[in-house]
Amino acid sequence: MGAITDVPGVRVGHRQKSGDGWLTGVTVVLPPPGTCGSVDVQGGGPATHETDALDPTTLVSAVDAVVLTGGSAYGLASAAGAQRWCEENGRGFAVPGGVVPIVPAAAIFDLGRGGDFSARPTADMGYAATAAAAAQTEGHDVGRGNVGAGTGAVMARTYKGGVGTASVTLENGVVVGAIAVVNALGLPLTPPGNREPSARSVVPPHEPPNLASSAREPGSRGPTLDARFRVPDSPSGGAAPPPLNTTLVVVATNAVLDVAECKRTAAASHAGIARALNPSHTLADGDTVFCLSTQAVALDRSDEAARQISLITLQSAAADVVRSAILDGVASAEAVSTPAGDYGVFGAR
């Protein structure tokens with residue numbers, strides 16, 4: 001299945017806290033200097049930082065690090081820690097007097113899942129995750145499951161989610177990798193009529209959730225819609241907040257792409273989320289995909305047809321890898337019990 005770190009130069013670091021009210025963490029993807037990147041947000045409830053800077057029409061094309069974090073909007077403070085590490089190490093957009101690191105971030109909603117609503121990632125955790133990434137060796141193994149930003153991740157408010165990763169190498173030497181944090185409103189699915197998981201699937205078959213009714217049908221599996229999409233009690237004791245969920249993804253490739261092509265690749269990669277989870281991209285999801293290009297392997301651009309084929313092949317592979325990374329995150333997750341609830345493993349018998 002591979003990992004995002006199969007893309008040369010890409011490293012990943014995690015920092016997490018659990019127990020004593022905590023169940024959250026930070027994951028940092030640290031690419032090599034000179035990496036180009038963009039982002040595509042298709043969920044209706046995103047929590048993001050510095051994503052506007054990655055638009056193809058803006059000044060800066062380089063990305064110094066990407067932060068995936070728990071803590072909802074509060075957890076975006078962890079990006080400041082990653083930015084501080086980058087500044088200390090001379091990484092960033094050069095300006096008179098120093099550098100300004102470009103560190104976009106996106107967050108999942110995991111507030112209160114450890115029992116303490118105020119236990120959320122800090123700038124120091126972002127710094128530590130970035131330092132951990134920098135200390136890794138080339139092509140290192142990536143922590144999966146209940147680590148980093150996946151520590152407090154949950155699917156459908158019932159099953160434990162987590163971090164997953166995957167990669168593929170194309171015939172032209174292009175490597176495409178992805179890392180995903182699965183905290184979705186939906187559940188994993190397999191193609192209709194397929195009784196066995198596909199070759200890429202790592203979770204048991206499961207019927208897509210019935211969104212039209214909260215009633216349990218005779219012989220159906222899993223809890224009702226109302227039970228699966230439950231939310232913890234409000235910390236103030238008032239009405240419970242609406243469900244807030246997200247699948248966060250970073251796609252990385254060694255192919256040479258410009259910012260616009262990274263943007264298109266990020267958009268195409270959302271197909272992998274839709275193939276892995278049902279529903280996806282809902283009003284209550286903050287589904288976000290970043291795409292990073294390390295600028296190492298040139299694509300065939302000998303003519304317009306060759307350019308299109310090269311990009312379509314890469315983008316199709318990216319969607320496949322995103323699906324695999326999501327399913328890897330589901331399979332790698334471990335059950336957790338906290339004062340806020342019990343979150344089991346999806347597909348457990």
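Heads up: numbering here begins at 1 and tracks the sequence.
Here the side chains of Phe290 and Asp40 are not in contact, with every heavy-atom distance at 4.5 Å or above.
Within 6.0 Å of the CZ atom in Arg264, the count of heavy atoms belonging to other residues, nucleotides or ligands does not exceed 12.
A salt bridge does not link Arg15 to Asp124: none of the charged nitrogens lies less than 4.0 Å from a carboxylate oxygen. A salt bridge does not link Asp116 to Lys17: none of the charged nitrogens lies less than 4.0 Å from a carboxylate oxygen. Using a 4.0 Å cut-off between a side-chain N of Lys or Arg and a carboxylate O of Asp or Glu, Glu304 and Arg307 qualify as a salt bridge.
Side-chain atoms of Asn172 come within 3.5 Å of backbone N or O of Val174 as a donor-acceptor pair. With hydrogens and angles disregarded, a donor-acceptor distance shorter than 3.5 Å links the side chain of Asp328 to the backbone of Thr165. The backbone N or O of Leu314 sits nowhere less than 3.5 Å from a side-chain atom of Ser316 that would complete a donor-acceptor pair. Between the Arg120 side chain and the Gly75 main chain, no donor and acceptor come within less than 3.5 Å of each other. Between the side chain of Asp287 and the main chain of Thr247, a donor-acceptor pair closer than 3.5 Å is present. Checking side-chain atoms of His140 against main-chain N and O of Ala133 turns up no donor-acceptor pair under 3.5 Å. No donor-acceptor pair under 3.5 Å is formed between the side chain of Thr246 and the backbone N or O of Leu248. Although no hydrogens or angles enter the test, the distance criterion places a donor-acceptor pair under 3.5 Å between the side chain of Asp303 and the main chain of Ala306. When atom types are taken as modelled, the side chain of Thr27 and the backbone of Ala149 share a donor-acceptor pair closer than 3.5 angstrom. With hydrogens and angles disregarded, a donor-acceptor distance shorter than 3.5 Å links the side chain of Asn254 to the backbone of Val175.
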Inset, instruction - Let me see the working for Arg113 and Val154 under side chain to side chain contact (heavy atoms under 4.5 Å, CB included), right down to the final yes or no. - result: CA-CA 9 Å; Arg113 289 193 182 147; Val154 171; 3.7 Å; yes
Legend entry - Intermediate values then yes/no, side chain to side chain donor-acceptor pair (under 3.5 Å), Gln83 and Glu87: CA-CA 6 Å; Gln83 191 174 45; Glu87 181 186 24; over 6 Å; no
Inset, instruction - Check step by step if side chain to side chain contact (heavy atoms under 4.5 Å, CB included) holds for Phe93 and Leu59. - result: CA-CA 10 Å; Phe93 182 71; Leu59 173 66; 3.8 Å; yes
Inset, instruction - Report the C-alpha distance between Val10 and Leu30 in whole Å, list the side-chain angles of each, state the deciding distance to 0.1 Å, and finish with yes or no for side chain to side chain contact (heavy atoms under 4.5 Å, CB included). - result: CA-CA 6 Å; Val10 174; Leu30 189 66; over 6 Å; no
Inset, instruction - Please step through side chain to side chain contact (heavy atoms under 4.5 Å, CB included) for the pair Ile108 and Thr69, ending with a clear verdict. - result: CA-CA 6 Å; Ile108 66 167; Thr69 181; over 6 Å; no
Inset, instruction - Kindly determine whether Asp55 and Thr58 satisfy side chain to side chain donor-acceptor pair (under 3.5 Å), including the steps that lead there. - result: CA-CA 6 Å; Asp55 188 275; Thr58 59; 5.3 Å; no
Inset, instruction - Verify side chain to side chain donor-acceptor pair (under 3.5 Å) between Arg84 and Asn89, making sure each step is shown before the conclusion. - result: CA-CA 9 Å; Arg84 176 161 58 92; Asn89 288 272; over 6 Å; no
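Annotation for Leu23 and Ser18: closest pair CD1-CB, 4.0 Å, computed over non-hydrogen atoms. Ala3 and Arg144 make their closest contact through CB-NH2, 4.2 Å (heavy atoms, listed as atom of the first residue, atom of the second, distance). Here the closest non-hydrogen pair linking Ser310 and Asp300 is OG-O, 3.1 Å. Across all non-hydrogen atoms, the minimal contact from Gly162 to Ala153 is N-CB, 3.9 Å. Closest approach of Thr288 and Pro46 over heavy atoms only: OG1-CB, 4.4 Å.
Note that SG of Cys86 is 10.0 Å distant from OH of Tyr127, once rounded to the nearest 0.5 Å. Atom CG of Asp320 sits about 12.5 Å away from atom OG of Ser167, to the nearest 0.5 Å. Note that CD of Gln42 is 8.5 Å distant from OG of Ser280, once rounded to the nearest 0.5 Å. Rounded to the nearest 0.5 angstrom, Trp22 CH2 and Asp110 CG are separated by 10.0 Å. Rounded to the nearest 0.5 Å, atoms OG (Ser337) and NZ (Lys160) are 11.5 Å apart. Atoms OG1 and CG, from Thr294 and Leu257 in turn, are 9.0 Å apart once rounded to the nearest 0.5 Å.
The side-chain contact (heavy atoms from CB on, under 4.5 Å) with Val176 is formed by just one residue from the set Val168, Ile4, Val7; it is Val168. Each of Val181, Val321, Ile273 was compared with Val249 under the side-chain contact (heavy atoms from CB on, under 4.5 Å) criterion, and only Ile273 meets it.
For the residue pair Glu334 / Tyr343, no side-chain donor-acceptor distance below 3.5 Å is found, with atom types taken as modelled.
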